[in-house]
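Note on naming: letters A, B, ... go to the chains in the order of the sequence lines (proteins, then strands), and numbering restarts at 1 for each one. Just so we're clear, the structure is a prediction, and the values are computed from it rather than from any experiment.
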Number of protein chains: 2
Amino acid sequence: MALDKIDRKILTLLQKDATMPVAEIGRKVGLSTTPCWRRIQKMEEDGVIQRRVAVLDPAKVNVGVTVFVSVKTNEHNDAWMRKFAGVIDEFPEVVEFYRMSGDVDYLMRVVVPDIGAYDSFYKKLISKINLTDVSSAFAMGQIKYTTALPLDFAIVVDDDK
Amino acid sequence: MALDKIDRKILTLLQKDATMPVAEIGRKVGLSTTPCWRRIQKMEEDGVIQRRVAVLDPAKVNVGVTVFVSVKTNEHNDAWMRKFAGVIDEFPEVVEFYRMSGDVDYLMRVVVPDIGAYDSFYKKLISKINLTDVSSAFAMGQIKYTTALPLDFAIVVDDDK
DNA sequence: CGCCCTTTCGCAATATTATTGCGCGAATGG
DNA sequence: CCATTCGCGCAATAATATTGCGAAAGGGCG
């Protein structure tokens with residue numbers, strides 16, 4: 001499952017633009033289309049490439065506001081966590097959800113059109129599950145957002161090239 | 001730029017899987033391929049669909065650890081913000097970056113292989129720009145992560161269907 | 001109520017791109 | 001040094017995207 005320099009180049013390109021024809025990718029990484037295509041296939045089978053998706057403009061679909069919601073709880077067991085996760089899954093406005101170490105127990109990123117919609121979300125949320133301590137932080141602006149992961153840390157065998 | 005029910009169905013599908021053939025999308029939304037294709041084109045031109053990307057498995061590219069970094073600063077001017085943004089842009093391990101209201105001024109999400117790599121990142125960061133107060137929170141696990149935005153809030157004209 | 005205009009549709013033809021089969025040469029390992 | 005394996009690239013085939021064009025549906029206006 002190790003990736004060589006060419007694989008990483010391919011991934012870099014696909015993370016930017018997944019519509020690029022394999023032939024063009026091949027040209028950019030110095031490979032003909034067939035081996036390039038086979039590498040991509042393999043990385044999909046291996047699960048390195050999970051999927052290809054369309055990325056929308058948040059403002060254009062009216063969810064220009066991001067809110068980070070921190071949750072503290074007394075319930076520190078697995079069953080409760082699963083329940084919480086299940087509840088969150090039902091909310092499409094929660095786009096990220098993490099279990100945290102330290103001060104807060106959970107952190108989620110929520111996207112909504114405005115403060116009012118966030119309040120609706122908040123009320124719906126606390127009606128579905130009992131939360132001890134919830135704190136909301138509003139983003140005034142998104143300065144950077146990328147789905148592209150850094151490849152500098154990827155496992156490598158062959159790095160002479 | 002308003003979206004009707006069919007448009008939203010198309011977007012829902014494309015947010016899940018951007019490789020789906022237009023013909024199949026058309027079938028699922030009750031349209032033949034041509035009008036379906038034209039709708040997709042239009043949404044791309046309008047910028048509703050920003051781009052299509054490959055989503056990688058963080059663990060498979062060795063960035064399984066997420067850290068949220070909160071920054072407080074005394075510099076509350078636009079020039080400094082731009083400089084900060086410029087610095088952050090250079091770090092591929094910072095995948096999200098927000099200007100916040102309230103307690104903290106900036107919040108970023110950083111992906112790294114492990115704590116050690118985070119420490120390296122941290123040192124590099126503070127060497128490039130002077131930050132008053134930095135606080136790091138480690139995610140123990142990613143419970144939910146999606147690039148799909150909710151479409152329930154999108155502007156609609158024709159919603160009889 | 002009917003007509004015209006605008007919009008959106010769908011079929012069929014064409015162009016692009018993905019995918020497969022096959023043979024070649026380089027690297028590997030004994 | 002030989003044999004095996006691996007990755008490459010060409011050329012053929014299959015799938016999909018894209019375009020041209022005419023037909024149907026909706027909407028405003030006489």
**Request:** Find the distance B:Ile25:CD1 to D:dT16:P and express it as a whole number of Å.
**Result:** 12 Å
**Prompt:** Can you check the B:Leu14 CG to D:dT16 P distance for me, whole Å?
**Reply:** 15 Å
**Prompt:** Which residues pass the salt bridge (Lys or Arg N to Asp or Glu O under 4.0 Å) test with B:Asp17, sequence neighbours left out?
**Reply:** none
**Prompt:** Looking at residues at least two apart in the chain, or sitting in another chain, which of them share a salt bridge (Lys or Arg N to Asp or Glu O under 4.0 Å) with B:Lys124?
**Reply:** B:Glu93
Each nucleotide N or O in nucleotides 26-28 of chain D that has a protein N or O under 3.5 Å away: list the pair and distance.
none

**Request:** Assign a letter to each nucleotide of nucleotides 14-24 of chain C from its 5' end: B, base within under 4.0 Å of a protein heavy atom; S, sugar-phosphate only; -, no contact.
**Result:** ---SSSBBB--
**Request:** State, to the nearest 10°, the angle formed by the axis through the first five base pairs of the helix from C:dC1-D:dG30 to C:dG30-D:dC1 and the axis through its last five.
**Result:** 30°
All N/O donor-acceptor pairs, side-chain side in residues 29-38 of chain A, below 3.5 Å, sequence neighbours left out:
none

**Item:** Modelled atom types, side-chain donor and acceptor of A:Tyr98 and B:Gln142, under 3.5 Å
**Value:** yes
**Prompt:** Quick one: A:Lys42 NZ to D:dC6 P, roughly how many Å, whole number?
**Reply:** 12 Å
**Message:** What is the separation between atom CD1 on B:Ile6 and atom C1' on C:dC9, rounded to the nearest whole Å?
**Reply:** 10 Å
**Prompt:** With A:Lys144, which residues qualify under side-chain contact (heavy atoms from CB on, under 4.5 Å), at least two apart?
**Reply:** A:Thr146, B:Ile88, B:Asp89, B:Val94, B:Phe97
**Request:** Provide, to the nearest angstrom, the distance between the CG atom belonging to A:Leu31 and the P atom belonging to D:dC6.
**Result:** 18 Å
**Residues forming a side-chain contact (heavy atoms from CB on, under 4.5 Å) with B:Thr132, sequence neighbours excluded** = B:Thr73, B:Asn74
**Prompt:** For B:Glu75, what residues pass the salt bridge (Lys or Arg N to Asp or Glu O under 4.0 Å) criterion, not counting sequence neighbours?
**Reply:** none
**Asked** In whole angstrom, what separates B:Glu44's CD from D:dA17's P?
**Response** 12 Å
**Request:** May I ask you to check whether A:Tyr118 and A:Phe138 place their ring centres under 6.0 Å from each other?
**Result:** yes
**Message:** Could you work out, with salt bridge (Lys or Arg N to Asp or Glu O under 4.0 Å) as the rule, every residue matching A:Arg52, not counting sequence neighbours?
**Reply:** A:Glu44
**Request:** Identify, with sequence neighbours excluded, every residue that meets side-chain contact (heavy atoms from CB on, under 4.5 Å) alongside B:Lys42.
**Result:** B:Asp46
**Prompt:** How would you list, by chain and number, every residue that makes a side-chain hydrogen bond (donor to acceptor under 3.5 Å, both in side chains) with B:Gln15, sequence neighbours excluded?
**Reply:** none
**Request:** Rounded to the nearest angstrom, tell me the gap between atom CZ in B:Arg39 and atom P in D:dT18.
**Result:** 17 Å
